[in-house]
2 protein chains.
Amino acid sequence: MSAQNRAPRAQLRDDSGVAKYRHEALAVVLQVRPETDGFVLSVLLWQRGRDPYAGRWALPSGPVEVDERIGTSVRRHLATRVELAEVAHLEQLITVSTPNRDPFERTIGTAYLGLVPWTSDPDLPPEAAWWPVADLPDLAFDHDRLVRDGVARMQAKLSYTNIGFALAPAEFTMSQLRDAYEAALGHEISVTNLQRILTRRDQLAPTGESTRSGSRGGRPAKLFRFTRHELEITDPFAVLRPDAG
Amino acid sequence: MSAQNRAPRAQLRDDSGVAKYRHEALAVVLQVRPETDGFVLSVLLWQRGRDPYAGRWALPSGPVEVDERIGTSVRRHLATRVELAEVAHLEQLITVSTPNRDPFERTIGTAYLGLVPWTSDPDLPPEAAWWPVADLPDLAFDHDRLVRDGVARMQAKLSYTNIGFALAPAEFTMSQLRDAYEAALGHEISVTNLQRILTRRDQLAPTGESTRSGSRGGRPAKLFRFTRHELEITDPFAVLRPDAG
DNA sequence: TCAGTTTTCGACTCTCAGGCGAAAACCTGT
DNA sequence: ACAGGTTTTCGCCTGAGAGTCGAAAACTGA
């Protein structure tokens with residue numbers, strides 16, 4: 001790889017001798033995308049044009065500007081480069097700092113996890129694409145690890161938070177929601193159980209309306225919505241709690 | 001405050017025009033400390049000698065060196081400045097990047113959560129001290145938020161991981177463990193329930209030995225130990241899982 | 001030996017996740 | 001209009017496991 005042959009840049013220090021580093025904002029944007037054979041959990045990737053790792057797929061990223069915090073930087077890069085403004089949830093994932101993770105210049109990176117509803121299908125530039133997380137190409141840098149961390153975080157939070165609101169559109173049927181959860185979690189889910197759990201936690205409510213049934217017949221499905229669209233923890237102390245009474 | 005009157009340093013950029021930043025490693029070191037009236041959840045603080053925030057209490061911190069990753073940097077600062085080598089658990093907590101969080105110079109900070117067994121009582125330099133988290137002084141920078149984040153993280157993980165091993169010494173009685181959990185979580189815990197839950201999860205095992213009872217009489221207590229001393233998640237999918245069988 | 005103290009352990013309750021199957025409500029063909 | 005197929009809804013059952021309680025066990029000191 002050509003980048004490895006290049007000499008690293010001289011370390012930059014301020015006038016008190018403290019080292020300073022590039023800082024990049026990274027985005028792990030996940031979506032359960034409706035494909036021909038059902039929902040597929042996918043991640044937004046970008047094909048690099050420049051070394052290092054020219055031609056390899058990588059997470060959307062960019063440098064943090066002097067007057068913005070990292071979360072703002074992530075939103076800015078997503079909005080400007082991918083026209084992705086409808087990120088329903090964004091949270092900090094992890095900061096990576098291995099000295100040679102960027103062979104050209106030391107760069108500390110902070111990755112954010114973003115979730116997009118399955119109804120969203122923004123125009124992508126030709127060098128960007130959604131990739132199924134179950135079948136990723138070789139990724140640049142340490143981005144493979146970041147994607148896996150992001151998927152694990154989302155899967156865990158699907159159990160003990162209301163984060164499903166970020167995967168779903170405003171209204172949906174229970175079958176759709178189950179299919180989305182199955183794609184996101186990677187195993188089968190019972191509609192009955194899903195509805196009961198979310199309802200009991202007061203995260204899910206029927207809108208009162210129903211869909212016309214599809215062309216294949218069947219009972220019309222009620223429409224549901226998530227009651228709140230901000231992240232909340234179901235029960236921070238799943239065990240070892242005082243009797244909730 | 002004198003720091004606010006100082007002009008910020010000029011922004012440093014490398015030769016391609018990308019801004020670069022100081023990066024500091026921060027440590028939120030928590031311990032349930034045995035005091036006269038039982039265990040008290042405390043955090044290790046440091047009284048600042050220099051502006052900004054001279055005289056205020058702050059988290060142990062220091063700059064990240066050019067050849068180390070942030071986690072290594074945290075361990076190094078703790079070892080050299082506080083002689084704290086016996087941190088039983090250390091994990092990344094959060095990265096903070098508000099542009100003016102350091103009024104003197106823009107500094108991005110990555111905080112780690114460290115846990116120390118209650119038997120550990122390292123020598124501290126005069127400017128360092130353990131502070132009860134329930135009664136903190138005004139902290140420098142945004143460190144108050146970091147402490148609260150750290151406490152919340154530890155409390156959450158006490159429920160669904162085996163992280164208790166990092167609060168306890170190698171061997172302990174169930175009463176001691178309950179007292180430690182109560183101090184850490186801030187509410188009452190039943191010994192019976194605690195023992196059954198940890199045993200069922202195969203996190204806790206009796207050593208076979210017992211303590212001499214204390215000076216106040218009472219049945220001798222069995223000694224227990226944690227079966228594993230690496231962090232493990234009890235059940236990543238507390239709900240919405242396929243039948244575990 | 002007795003009173004006091006602390007720990008241990010069995011037993012009970014109850015919440016709630018998970019699964020099953022019948023009934024409801026629609027479609028399309030005939 | 002009716003039958004057969006399909007999908008959704010809903011009530012019911014089960015079992016795991018958290019939380020509570022109280023009695024018995026095992027020690028100390030008087």
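Just so you know, these numbers use all the heavy atoms, side chains as well, and skip hydrogens, waters and symmetry mates. The structure displayed is predicted, hence computed values, not measured ones. By convention in this document, chain letters (A, B, ...) are assigned in the order of the sequence lines, proteins followed by strands, and residues within each chain are numbered from 1.
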* To do: Mark yes when over 12 heavy atoms from residues, nucleotides or ligands other than A:R76 sit less than 6.0 Å from its CZ; otherwise mark no.
  => yes
* To do: Measure the distance from CD on A:Q195 to P on D:dT7 and round it to the nearest whole Å.
  => 18 Å
* **Reported CG-to-OG1 distance for the pair A:L146 and A:T110, which is rounded to 0.5 angstrom** => 10.0 Å
* To do: Calculate the interatomic distance between A:Q203 atom CD and C:dC16 atom P; express it in whole Å.
  => 14 Å
* If you take atom types as modelled and just measure distance, does the side chain of A:R196 reach the base of C:dG19 with a donor-acceptor pair under 3.5 Å? -> yes
* To do: Rounded off to whole Å, could you give me the CG-to-C1' distance for the B:L194 and C:dC9 pair?
  => 15 Å
* Asked: A:E209 has an atom CD; how far is it from atom C1' of D:dT9, in whole Å?
  -> 18 Å
* Worked verdict on B:R153 versus B:E91 for salt bridge (Lys or Arg N to Asp or Glu O under 4.0 Å) -> CA-CA 10 Å; B:R153 173 80 65 92; B:E91 69 176 44; 2.7 Å; yes
* In whole angstrom, what separates B:R178's CZ from D:dA18's C1'? -> 18 Å
* **Euclidean distance, atom CD1 of residue B:I197 to atom C1' of D:dA16 [Å, nearest integer]** => 13 Å
* Aromatic ring proximity B:W57/B:W46, centre distance under 6.0 Å -> no
* Asked: Which nucleotide sits closest to the side chain of A:R219: C:dT7, D:dA18, D:dT8?
  -> D:dT8
* Roughly, in whole Å, what's the span from CD1 in B:I189 to P in D:dC21? -> 15 Å
* **Distance below 4.0 Å between A:K222 side-chain N/O and D:dC10 OP1 or OP2** => yes
* **Listed nucleotide nearest any side-chain atom of B:P220, set D:dA26, C:dA25, C:dT7** => D:dA26
* 5′-ward residue of the pair A:T192/A:R200 relative to DNA chain C -> A:R200
* Asked: Within the modelled atom types, does a donor on one side and an acceptor on the other bring the side chain of B:S190 and the base of D:dC21 under 3.5 Å apart?
  -> no
* **Closest to the B:N193 side chain, choosing from D:dA24, C:dA17, D:dG19** => D:dG19
* To do: Figure out the NE2/C1' separation between A:H187 and C:dG19, and round it to whole Å.
  => 15 Å
* Asked: Which word best sums up how the rings of A:H229 and A:F165 line up, parallel for under 30°, tilted for 30 to 60°, or perpendicular for over 60°?
  -> parallel
* Contact class for A:T173 (heavy atom, under 4.0 Å): base, sugar-phosphate, or nothing? -> nothing
